[in-house]
Number of protein chains: 2
Amino acid sequence: MATISDVAERTGLSKATVSRVINNHPYISKEKRELVYKAMEELGYQPNPSARRLRGQLTNTIGVIVPRIVNPFFSYLVDALEQVAYENNYQVLMFQSDEKKDKELYFLNLLKTKQVDGLIMTAIENEREVIESYTRFGPILFCNEYLSQSEIPVVRVDQSKAAYIGTKHLLDRGYRKIAYCTGGLFVDDGKDKDRNIGFQKALNDHQININTAWVFINKHTIEDGRHVMRQIAGMNEKPDAIFTGSDEIAAGVILEAKSLGMKIPEDLAVMGFDDQPIAEMIDPALTTIQQPIKEMGTISVDMLLRLLKNQPLDQKHKELSVELVIRSST
Amino acid sequence: MATISDVAERTGLSKATVSRVINNHPYISKEKRELVYKAMEELGYQPNPSARRLRGQLTNTIGVIVPRIVNPFFSYLVDALEQVAYENNYQVLMFQSDEKKDKELYFLNLLKTKQVDGLIMTAIENEREVIESYTRFGPILFCNEYLSQSEIPVVRVDQSKAAYIGTKHLLDRGYRKIAYCTGGLFVDDGKDKDRNIGFQKALNDHQININTAWVFINKHTIEDGRHVMRQIAGMNEKPDAIFTGSDEIAAGVILEAKSLGMKIPEDLAVMGFDDQPIAEMIDPALTTIQQPIKEMGTISVDMLLRLLKNQPLDQKHKELSVELVIRSST
DNA sequence: TTGTTTTATGAAATCAGTTTCATAACCATC
DNA sequence: GATGGTTATGAAACTGATTTCATAAAACAA
């Protein structure tokens with residue numbers, strides 16, 4: 001591997017001058033500049049990122065933490081983030097938290113040890129204070145998930161409205177006994193709380209109380225959905241509709257319902273969330289809430305790059321809108 | 001950020017001794033060792049990876065390149081790779097090639113500039129010579145995709161057998177007019193060629209010739225599948241079965257067939273590949289070929305770590321077996 | 001008691017860049 | 001002709017670790 005000294009030697013210049021050429025400093029004669037470019041080309045020289053980082057330079061890497069990449073919502077989100085990052089000459093270091101605090105901490109330390117310039121967090125496991133303590137090492141951005149009391153910038157969709165229009169749709173169709181499925185364990189903050197609020201508001205509009213037996217927490221996967229359906233099947237008083245936290249849960253509910261001989265939506269209307277490819281694929285096709293994933297990714301990277309360049313943000317809290325996609329499951 | 005000098009100062013020792021403690025060198029008194037640990041703890045000290053890398057140390061990062069992360073096969077593979085890597089104290093730098101040569105080159109350069117210790121390539125865009133020229137910067141491993149003439153180690157499934165048992169299954173069910181769908185553009189090497197061979201062999205066993213009108217190349221997505229189905233629908237002589245390159249293509253075929261009023265498998269038997277979650281989800285459920293993704297990931301990381309530690313490999317070419325999963329689409 | 005290992009530690013070099021400080025030539029201004 | 005700003009470049013310091021070389025004390029052998 002050629003080093004900057006090799007380039008300096010070949011051109012008869014000093015390392016300092018070569019470095020200036022590389023970094024586009026002013027006051028370099030055109031003549032020397034071209035000499036350096038030529039030598040770099042000939043030697044196949046590429047600056048060593050570790051050495052640059054050591055001098056406090058940027059790494060041109062942003063970290064993205066997701067709960068699980070196999071969840072299509074997040075793989076599409078990472079896809080979008082990576083595309084935009086690449087266009088801006090940034091790499092993405094992807095990391096799964098697996099919903100574990102220690103993995104998230106390991107990840108946050110990448111910022112501390114300057115392995116990434118900034119972080120995009122699409123999941124939050126640790127306490128607010130812990131995460132905020134890392135902001136002194138570099139910019140952090142919440143994407144999708146967030147903490148309401150935090151000063152950390154956020155890009156997210158209006159989850160409360162999303163849940164509201166979803167639930168309202170079920171109510172408009174005449175369903176009154178609505179079950180509710182959420183991903184959160186403790187729904188005391190962030191997107192799950194917002195969804196809760198939207199759901200409650202819609203019910204309140206119709207003077208309906210939530211039946212706590214019909215509330216399922218910490219559900220994420222297809223298997224979780226199947227499990228929920230089995231629980232419902234075993235109930236004396238069954239709901240006539242279910243609002244789920246993701247298309248995957250909804251798909252699980254439908255699959256299990258079918259194997260139990262139930263009809264969707266006649267016996268149970270099912271509402272998804274995300275509008276993943278499976279929403280169209282499953283029979284009956286899922287009514288669901290479409291999230292602007294590509295847009296979230298684009299805006300998130302843009303905002304983070306702004307923070308990295310110390311440019312001002314027009315808003316610290318960017319809220320995107322969602323759309324109801326009506327298909328056959330409701 | 002605390003540095004090694006801070007730790008040295010606090011303990012009254014030299015940087016050299018502190019470094020020795022960190023790296024478990026011999027000949028350190030228990031007393032000093034504990035002193036250093038205590039100081040590191042108190043200062044929240046963490047070694048700066050850039051500085052370590054600069055001294056030629058390993059980065060504890062492996063790079064993984066995939067064509068597209070939104071393809072569930074690859075998101076499951078990356079998931080597996082990341083899990084195993086994390087258990088071994090390694091991070092994963094994930095990268096999408098988007099099937100573009102220049103993105104792949106950019107990625108290969110991460111190895112050259114020592115940003116990753118080794119690479120796992122699950123897609124190959126550039127010529128053999130190009131990729132092999134990078135092996136002098138660090139170990140490269142092919143996972144899933146590969147080049148037959150190359151010296152680069154490979155972890156893959158027996159694609160030829162996979163296609164053979166899949167096609168044989170169709171033949172056993174009595175289908176004789178079998179269409180074929182592949183991902184490759186030029187099927188002249190690697191996994192697509194192997195599948196080809198397996199497909200041909202199965203047909204040869206029954207003295208059937210391939211109808212080239214029924215061969216579709218460069219197909220990957222659900223949309224591609226729909227497109228294929230539309231093409232088939234427009235044919236005078238239609239196939240009675242189709243062997244596809246992924247469950248997604250198969251799902252697209254089924255969805256489009258249904259919307260065209262065709263019955264699966266009566267009008268067209270559909271064979272998937274991968275056994276993704278959607279295989280179970282779609283109606284009719286897909287007959288498909290299950291790939292041992294988790295195992296591929298585990299073995300790949302193990303092999304790469306061996307290469308990194310200069311340990312010998314028991315085999316340079318690890319081949320895993322696949323299984324036929326029979327459901328209702330055939 | 002002397003000589004040789006073994007154990008334990010530190011000073012300084014090293015990795016490959018960037019940045020500070022110094023300097024010199026050139027041009028303009030008073 | 002002295003002063004001052006702009007342009008252009010290099011020597012050396014610096015980033016934060018690891019490693020080599022040197023050295024001294026302790027342990028062991030002759």
Side-chain angles (χ1 to χ4, degrees), chain A residues 1-37 39-40 43-61 109-117 137-138, chain B residues 1-40 43-61 89 109-117 137-138:
Chain A
M1 278 291 300
T3 71
I4 197 171
S5 300
D6 298 331
V7 179
E9 202 174 326
R10 194 181 184 95
T11 54
L13 296 166
S14 68
K15 294 195 301 173
T17 303
V18 176
S19 174
R20 288 189 185 105
V21 171
I22 294 169
N23 295 287
N24 275 315
H25 283 242
Y27 309 143
I28 306 275
S29 63
K30 197 156 282 175
E31 174 197 8
K32 306 275 160 99
R33 181 181 304 275
E34 275 155 22
L35 203 62
V36 169
Y37 278 135
M40 292 203 298
L43 291 167
Y45 168 75
Q46 284 201 296
N48 180 318
S50 302
R52 298 183 116 175
R53 280 170 207 199
L54 191 53
R55 267 316 303 246
Q57 287 284 111
L58 296 182
T59 68
N60 269 245
T61 303
N109 272 319
L110 298 182
L111 191 61
K112 184 172 172 189
T113 57
K114 289 276 174 296
Q115 303 215 63
V116 295
D117 296 338
F137 303 118
Chain B
M1 278 294 299
T3 70
I4 198 170
S5 301
D6 298 331
V7 179
E9 202 174 328
R10 194 182 184 96
T11 53
L13 297 166
S14 69
K15 294 193 300 173
T17 304
V18 176
S19 173
R20 289 190 186 105
V21 171
I22 294 168
N23 296 286
N24 276 314
H25 283 243
Y27 308 142
I28 306 274
S29 63
K30 198 158 280 177
E31 174 198 8
K32 307 274 160 96
R33 182 183 302 276
E34 273 156 23
L35 201 64
V36 170
Y37 278 135
K38 186 158 158 283
M40 292 203 298
L43 291 167
Y45 167 75
Q46 285 201 297
N48 180 319
S50 302
R52 297 184 118 178
R53 280 171 208 196
L54 192 52
R55 271 313 308 242
Q57 288 283 111
L58 295 183
T59 66
N60 268 245
T61 304
N89 249 302
N109 272 318
L110 299 181
L111 191 62
K112 184 173 172 187
T113 57
K114 289 275 173 293
Q115 303 212 63
V116 295
D117 296 339
F137 302 118

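Throughout, a chain's letter reflects where its sequence line sits, starting with A, and its residues are numbered from 1.
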- With the sugar-phosphate defined as primed atoms, P, OP1 and OP2, and the base as all remaining atoms, what B/S/- string results for nucleotides 23-29 of chain D, 5' to 3', for protein heavy atoms under 4.0 Å? -------

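- Proximity of B:S29 to B:K32: side-chain heavy atoms (C-beta onward) are separated by under 4.5 Å at one or more points.
- Rounded to whole Å, the distance from NE2 on A:H25 to P on C:dT20 is 9 Å.
- Annotation: side chain of B:N109 is in contact with side chain of A:Q46 (closest heavy-atom distance under 4.5 Å).
- For the atom pair B:R55 CZ and A:L54 CG, the distance stands at 12.0 Å (nearest 0.5 Å).
- For A:I28 and D:dT6, the CD1 to C1' distance is 14 Å, given to the nearest whole Å.
- With sequence neighbours excluded, the residues forming a salt bridge (Lys or Arg N to Asp or Glu O under 4.0 Å) with B:R10 are B:E42, listed by chain and number.
- Counting heavy atoms from C-beta on, the side chains of B:K38 and B:R33 never come closer than 4.5 Å.
- Residues B:L13 and B:V36 are in side-chain contact: their nearest non-hydrogen atoms beyond the backbone lie under 4.5 Å apart.
- Non-hydrogen atoms lying under 4.0 Å from DNA chain D are contributed by nothing in residues 44-53 of chain A.
- One interatomic measurement links the two molecules: CG of B:N23 to C1' of C:dT9, which rounds to 16 Å at whole-angstrom precision.
- Here the straight-line distance linking atom CG of A:L111 with atom CG of A:D117 works out to 8.5 Å at 0.5 Å rounding.
- Annotation: the span from A:L43 atom CG to A:I4 atom CD1 amounts to 12.0 Å, rounded to 0.5 Å.
- A:R52 has its side chain within reach of A:N23: a pair of non-hydrogen atoms, C-beta onward, lies under 4.5 Å apart.
- Of all the residues in residues 29-40 of chain B, B:S29, B:K32 reach under 4.0 Å from DNA chain C with at least one non-hydrogen atom.
- A donor N or O paired with an acceptor N or O is not found under 3.5 Å between the base of D:dT15 and the side-chain atoms of A:R55.
- Between A:Y27 and the phosphate of D:dA8, there is no side-chain N or O to OP1/OP2 separation shorter than 4.0 Å.
- In this structure, B:P49 and B:N60 have side chains that are not in contact, with every pair of non-hydrogen atoms separated by 4.5 Å or more.
- Using a 4.5 Å heavy-atom threshold, the side chains of B:Y45 and B:D6 count as separate.
- Atoms CG (A:N24) and C1' (C:dT19) sit 16 Å apart, rounded to a whole Å.
- Counting to the nearest Å, the P atom of C:dA16 and the CD atom of A:E9 are 13 Å from each other.
- Inter-residue side-chain proximity for A:T3 and A:N48 is flagged as unmet; no heavy-atom pair is nearer than 4.5 Å.
- Contacts with DNA chain C (heavy atom under 4.0 Å) in residues 12-20 of chain A: A:K15, A:A16, A:S19, A:R20, listed by number.
- Taking the salt bridge (Lys or Arg N to Asp or Glu O under 4.0 Å) definition, one finds that B:R20 meets it with nothing, sequence neighbours left out.
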